[in-house]
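I have placed the structure first, in the form of structure tokens, so that the comments after it can refer back to it.
What you see is a predicted model, and the numbers here were worked out from it, not measured in a lab. Below, each value reflects all heavy atoms present in this structure, side chains not excepted, and no hydrogens, waters or symmetry copies. Lettering follows sequence order; numbering is per chain, from 1.
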Amino acid sequence: MTEQNAPAESEYDVSAIQDKWLPIWDELRPFASGNAGDARPKKYVLDMFPYPSGDLHMGHAEAYALGDVISRYWVQKGFNVMHPIGWDSFGLPAENAAIKRGLDPKGWTYDNIAQQRSSMRRYACSFDWDRVLVTSDPIYYRWNQWLFLEFYNKGLAYRKNSNVNWCPSCQTVLANEQVVQGLCERCDSVVTKKALTQWYFKVTEYADRLLDDLDTLEGNWPSKVLSMQRNWIGRSYGADVDFVIEGRTEPVTVFTTRPDTLFGATFMVVAADSALATELVAGADESIRAEFAAYLEMVKQSNDIERLATDRPKTGVNLGRFAINPVNGEKLPIFASDYVLADYGHGAIMAVPAHDQRDLDFAKAMGLPVQVVVDTDEEDPAVTGVATTGEGVLVNSGALNGLSKTDAINKIAEILEADGKGKKAKNFRLRDWLISRQRYWGTPIPIIHCANCGEVPVPQDQLPVELPSAEGLDLKPKGTSPLGGATEWLNVACPKCGGAAQRDTDTMDTFVDSSWYFLRFLSPNSTEVAFPKDEAAAWAPVDQYVGGVTHAILHLLYARFITKVLHDLGQIDFEEPFTRLLNQGMVLMNGSAMSKSRGNIVALSEQLDEHGVDAVRLTMSFAGPPEDDIDWADVSPAGAAKFLARAWRAANDVTSEPGVAVATGNRELRKATHTFLRDFGPLIEGFKFNVGVAKIMELVNALRKAIDGEAGSADPAVREAAEIVAKSLSLFAPYTAEDMWQKLGYEPGVALAGLPDADLSLLVESSVVAIVQVDGKLRDKFEVAVDITEDELRAKAMSSDAVLRAIGEKTVVNTIVRAPKLVNIATK
RNA sequence: GCCCCUAUAGCCCAAUGGCAGAGGCAGUCGACUUAAAAUCGACACAGUGUGGGUUCGAGUCCCACUAGGGGCACCA
């Protein structure tokens, strides 16, 4: 805004309004939710908390604009809304910035938090500033450690050695989500596997509940997120089948979703990188052992990019061992291959090349026989090279012959179970949650390793295990946690035996921090409990959660998991953390996500300076459905600012006094106002914010017309409409609305003024326009009484010249009458 | 390969199975002005991606296809 011409009182001055109201709101604290004796019904609205990676950006601006619409709406409807905010402040970006600039991650993080906090205040976020948390504060992560120990004591946190994602350049373990297309998201190095002993949370123990309870969220969560979660958990039903191995005491169990094809198994495959493969090959010939060793080395060197290539030829090694098919006694050669995964099912499969494409590809590569056992009326897979996986009739399968696929699956399960050679089983794509990180900037894992006592949990009274200062520590990645270099911190007395022991040097995945934070807002500063049970009972679960779809799987799945565990621990009485979920889209620029490399970043601060906070917020709400992406090039914050000025001027034009009796006001405008009130609430509750804004615009247009027309600025209906505009606009444009409220003669606090219900008696019509269609096409319309009977309406329609002309020579075969609004005449 | 979402005017988007247009952007014209900006007002613009089907009636429901977007993917 240029300041060359100082705006007059009657002009809308964006920056002056912003400066004026902020300090007043600081005093007023309209969104405090913890006031004693507050009798309003409670509602918990939560925005996903930000990572403090810099100042707020356009994405935050959208998320918080939309979260505010919902939060402010419920306040206007008379609820005591808890709408807190915090920072997800541990994590890799802070550590990277620290390494790059030689700074302490702490300073960088807390500077950014201060910056974001100040921007949120300016952005007029309706947060309860008494409920703030920062996950890197010891007062917060102390309870992360408490949570870890609860899990540990319940057997849900454990250590195991397995192959994890490893970035050879960063020298650190990577989470699955940090591996993008087989590359490290930080440095684009090719990610490899490394066998490491790491901490896991046993999320797989909750897989069934995590999947089944998604049904309870149906209708309240976006169906996209529900299907992504279902996909991710990936439950498949089938059978476990035991195969006796020649020369081995224990049978090997395989999981299959197609036990009906058991008679078609012609070989067995075990994962090359499994312990089983190594064991089976141990007794084989020298040449096979050498071949296997070379193959295993090759497999270990390969990476996800190679592994995921779709046209990759099948490879493997014949281990020279045999499995016995439990149903027909056939000897099946056992191979090791990398197309079988060590950590899914039992790391071994029965191969049925006729009815599984992967097995067929392998059989072809190795010259193995193909045995058809389901006749699908298709050509022989051995000839075509295409496995037949559809429905069909069982053949060459003993007792199963003649059965359908489904019947055969049931029958074989019975047979196997009766013989003690197998049973029905299910498997999940979901793996246990690897929570260890070899990083500095995270919650230390509260375990002490003692040579005598093994893993020893840190006693509760010694929590929190605080992070040592980063000063003097080498944060550069080198394959082990930087905490290993904090000698004084590292070496402690064992809590059990008092002997020399060492702390666990890993820190927790930051997804642990964010998977229960919504409960911490109930008492963010408590040093006694993670959260008070009675407060949780009163406020939780979250009624409305708002955030990006990027967290559709991991964060939401982990939060659901932790919630279920806390439920089982008796801490809370609900099993799902977020009753209702809104995923807002992204803010794009010229069709693509904003990024430095594309050079299409729109700076939020510049938009705010140019158009004002309200115009940017309004643009976010008005651009389209909230779940759609917003292309900033397609929308008009200038247009939003223009509308706000128009609304503001209308309020400024009102000349009647507050409290004037509205009953005598202009009927037409009153009707427009109450039609608005009838429609607005359902639109907001249905997340149709863009339509809600359009309705406000409509009302402002009607208001303008009334002021300039017959009603005039003193008409009580004009005041009524202007007040409703101010109140409803407060959801989208709090500064403008507050200023309008003052112009209308009220004390500050439009946010709390309350949206009334519509007076439906004003909307009762005595007549409506009826339409007449002939064969579905509009032919005439006329005004009729609302209580017109079907017969009267039909008669009236049939007497219309336009209708008779449309019917012409044709014969009327049917007449549909929907009094009082419609007649449709069907002809032949 | 499997699963899901979307498609309406130059653009962003509305439309309980019942008159395709609520709202906005951009546009044209007019009023105001010495002029411009701002403001106020008016106007114009598509028959709903394509092909079928259900129905008295389809943008809306069903099927197929096309295009764009997303998720999962050697998970046995």
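Taking a 4.0 Å limit (strictly below) on heavy-atom distances, residues 676-684 of chain A does not reach RNA chain B anywhere.
Every side chain to side chain donor-acceptor pair (under 3.5 Å) that Thr376(A) has, sequence neighbours left out, goes to Glu378(A).
For Arg818(A), no side-chain nitrogen or oxygen approaches OP1 or OP2 of G57(B) to under 4.0 Å. Applying the 4.0 Å criterion to OP1 and OP2 of A76(B), one finds that Tyr339(A) has every side-chain N and O outside that range.
Asn824(A) contributes a side-chain N or O that forms a donor-acceptor pair with the base of C56(B) under 3.5 Å.
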> What string of B, S and - do you get for nucleotides 19-24 of chain B, 5' to 3', if B is base contact, S is sugar-phosphate-only contact and - is no contact with any protein heavy atom under 4.0 Å?
Replying inline: B--BBS
> Can you give one letter per nucleotide of nucleotides 66-71 of chain B, going 5' to 3': B for a protein heavy atom under 4.0 Å from the base, S for sugar-phosphate only, - for none?
Replying inline: ----SB
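Residue contacts shown for Ser223(A) are absent, as no nucleic acid heavy atom lies under 4.0 Å away. Across all strands, Val549(A) comes closer than 4.0 Å to no nucleic acid atom at all (heavy-atom distances).
Put simply, the side chain of Asp356(A) does not reach to within 4.5 Å of the side chain of Arg258(A), judged on heavy atoms. Using a 4.5 Å cut-off on side-chain heavy atoms (C-beta onward), Arg646(A) and Tyr12(A) make no contact.
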Nucleotide N/O to protein N/O under 3.5 Å, stretch nucleotides 44-49 of chain B:
none

Can I get a per-line list of side-chain donor-acceptor pairs under 3.5 Å for residues 634-645 of chain A, giving both atom names and the distance, sequence neighbours left out?
from	atom 1	to	atom 2	distance (Å)
Ser636(A)	OG	Gly639(A)	N	2.8

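In this structure A64(B) sits in a base pair with U50(B), meeting the Watson-Crick or G-U test at under 3.5 Å.
Rounded to the nearest Å, the gap between the C1' atom of C45(B) and that of C11(B) is 12 Å.
Listed candidates were C74(B), C56(B), A76(B). Nearest to the side chain of Phe255(A) is A76(B).
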